[in-house]
Amino acid sequence: MAQTLALPPEATGTAEKKAPLRWSHPALAALVYAAIVIVAQLIIHRNLADYVGPDNDDVMRLVEVRDFLAGQGWFDMMQYRLGLAGGTLMHWSRFIDLPIASLILFFRMFLSPEGAEAAALTVWPLMLVLPLMFFMGLAGRRIAGVEGMHFSLILTALFVLLSPRFVPGSIDHDNVQLGLVALTVAMLVDESYRPRNFAIAAIALAIQLGIGAETTPFVAVACMSVACLWAWKGEIFAPAARAFALTLTIAVSAAFFSLVPPRLYSMITCDNLSLGFYGITSAGCVGLLLSSIFASRLSRPLRIAILAVNGAFVFAITVALAPQCLRNPLSDLDPMLVDFWLSRVTEAQSIISVANRQPDTLGVFYATGLLAMLVCAFRILRGTRPSLHAMLMALIAINWVITLVQVRGTEFANLLAIPPLALMIAELRKNYMADPKNLRAILLYAGTLLASVPAVWAVGGALASKGVVNGLMVAAPVKAEETANCTSRQALRPIADLEPGVVAAASNLGAPLLRFTPHRTLSGPYHRDPDGMMAELLIGLAEPQQAEALLHEAKVTIVVFCKGDPQVELVSERAPKGLYAQLSAGQVPAYLEPIAASAESDVQFFRVTPQN
């Protein structure tokens, strides 16, 4: 039995036996690589204009953390200053708020409140580099030995350096989710099937569900992969299956009861952990647990039949409990919001949209994941560790398919592509080292290494689409809206000290308004605020006389207008007689009283005069 469970030859080798401890141990190697990456990040981003990341979600997270530190309850996820009267129930998680808030409290012992925020927001994303590097190094070590570990670490280091998720100020939850995905893979690729590792993977999956819904498809495929391993391997995998199913049941229960207030226990939502995902996950875990206890000794065909019955049971629970979660949670958005907002969000673009608008980025989004899937498919067909590569292929594929619909899945697909590509690169290097004069071996090794780095595809795409002049890429001209200063503290200062009111402004200004002013804003770029976004859009589209009635209906006291905002430009183009178009032309209706602002500001402010 010991021979049956031993790692295959690909995962070990003479290189591992000869390697010094500091280079063969994943923790020590990860520490070295992570230190280099963190120093590089600090050098590259040393002159950031703001200590908060440029993404609206980074700003909104800081607003949420501030509210939490100011006394808003653990279970109270309302953003009272966003949307119509009463606020907006957000779908984010205290699992992320808590560590960031803790760091801010720690730094407040030494620094001013703003300095504490700056220090915490710098440290948090950099702290996450080390665990990510360790998990990816461990995955590479388990799959491909010491050489594979180093190639995995090298590719991960490049991934981090080129990702906006680990830049100082990036406090959205995607960086944590990437680390948890890496942890899950590092545990699931254990081909000795130690129950402890599968239990750890289950905990990582439960935390992912507790943080956000972005990785829900990954969680589902990971669970199905474990179930399929049980059906295929049988008794040899039964202890790992039991550990996984039992731990995930306990962990997802802990996440549910620690995040969901009792009054919302029966509420079904598809963009965060609720009774829907909790019930579906628990049903699958119970089925796998009972199967692994009572059916592991049955023949493979019978186990596969039982697996099919379990799958049908989980599907039935899904249809009965949360049928709406079988479709895109954004599919219920009003068509106007899709047109004016969602279709313009970069990370929500489909492959068709990318091909039409930015064909030079297709390689960045799709090439590396596709290459990794082809490598896995080739190994499966060759019979080389087929169970391992089938699981890796499934985990990459689900995120790659998501990327076809929305490019937000790119980073997860590219990260998951690293382990199988690291194994391939390590093997090609061995072939090259065995015969350094073999041109074919050199080209295969170098070509695969380059093709495994998304940045190479980015450079190639840019060169192909823009050409090279005197050895330099021709840069596209900067658009006016990209230079408009509408969201900084200085730009919004004229209304920062006014009595709290209600602001109508383009959705891109929503999070900065919450950060820098005391006001409530109708609109923010969040699907949980459809009514507020609709109210703001209708105001901008309406002719001035109608807009006045809409402003008073929404109890708006201040209009914040940024002519260079992309949404404002679109609204002005679609409704040339509308309020936004009139303001762009300098035609200010009588019911809007200008508020003094700097002549250099790109923002105009107006006080809405009360109704007579």
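Quick caveat: nothing in here was measured; it's all calculated off a predicted structure. Each residue takes its place number in the sequence, starting with 1.
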Any ion pair linking Arg528 and Asp271 (charged N to carboxylate O, less than 4.0 Å)? yes
Set of ring pair (Phe, Tyr, Trp, His ring centres under 6.0 Å) partners for Phe75, sequence neighbours left out: none
Less than 6.0 angstrom from the centroid, inside 45 degrees of the normal: does Arg574 satisfy that with respect to the ring of Phe340? yes
SG-SG distance Cys223 to Cys285 under 2.5 Å: no
Do Ser507 and Gln567 have side-chain N/O donor and acceptor atoms under 3.5 Å apart? yes
For the pair Arg165 and Glu411, find out whether any cationic side-chain nitrogen is under 4.0 Å from an anionic carboxylate oxygen. yes
Is it the case that Thr88 and Gln79 place a side-chain donor and acceptor less than 3.5 Å from each other? no
Suppose we screen for salt bridge (charged side-chain N to carboxylate O under 4.0 Å, His left out). Which residues come up paired with Arg327, at least two apart in sequence or across chains? Asp332
Does atom CG of Leu381 have more than 12 heavy-atom neighbours from other groups under 6.0 Å away? yes
Given side chain to side chain contact (heavy atoms under 4.5 Å, CB included), test Leu509 with Val560 step by step and report yes or no. CA-CA 9 Å; Leu509 276 68; Val560 176; 3.6 Å; yes
Just by distance, no angles: are the side chains of Gln349 and Ser343 close enough, under 3.5 Å, to form a donor-acceptor pair? no
Would you say the ring centroid of Tyr526 lies under 6.0 angstrom from that of Trp341? no
Starting from the C-alpha separation in whole Å, work towards a yes-or-no answer on side-chain hydrogen bond (donor to acceptor under 3.5 Å, both in side chains) for Ser488 and Asn485. CA-CA 7 Å; Ser488 68; Asn485 176 19; 2.8 Å; yes
To check you understand the geometry: which heavy-atom pair defines the closest contact between Asp339 and Leu570, and what is its length? O-CD2, 4.2 Å
Assess whether atom CZ of Phe378 is packed by more than 12 heavy atoms of other residues, nucleotides or ligands within 6.0 Å. no
Ring-ring centroid check Phe561 Tyr580, cutoff 6.0 Å: yes
Ring center gap for Phe256 and Phe277 short of 6.0 angstrom: no
CD/Gln358: more than 12 non-hydrogen atoms of other groups inside 6.0 Å: no
Are the charged groups of Arg94 and Asp97 less than 4.0 angstrom apart, N to O? yes
Hey, is Arg515 close enough to Asp50 for a salt bridge, meaning N to O under 4.0 Å? yes
For the residue pair Thr269 and Asn272, confirm or rule out a side-chain donor-acceptor distance under 3.5 Å. yes
Check residues 394-402 and write down every donor-acceptor pair under 3.5 Å in which the side-chain atom is one partner and the other belongs to a residue at least two apart or another chain.
from: Asn399; atom 1: ND2; to: Leu395; atom 2: O; distance (Å): 3.0
from: Trp400; atom 1: NE1; to: Tyr366; atom 2: O; distance (Å): 2.9

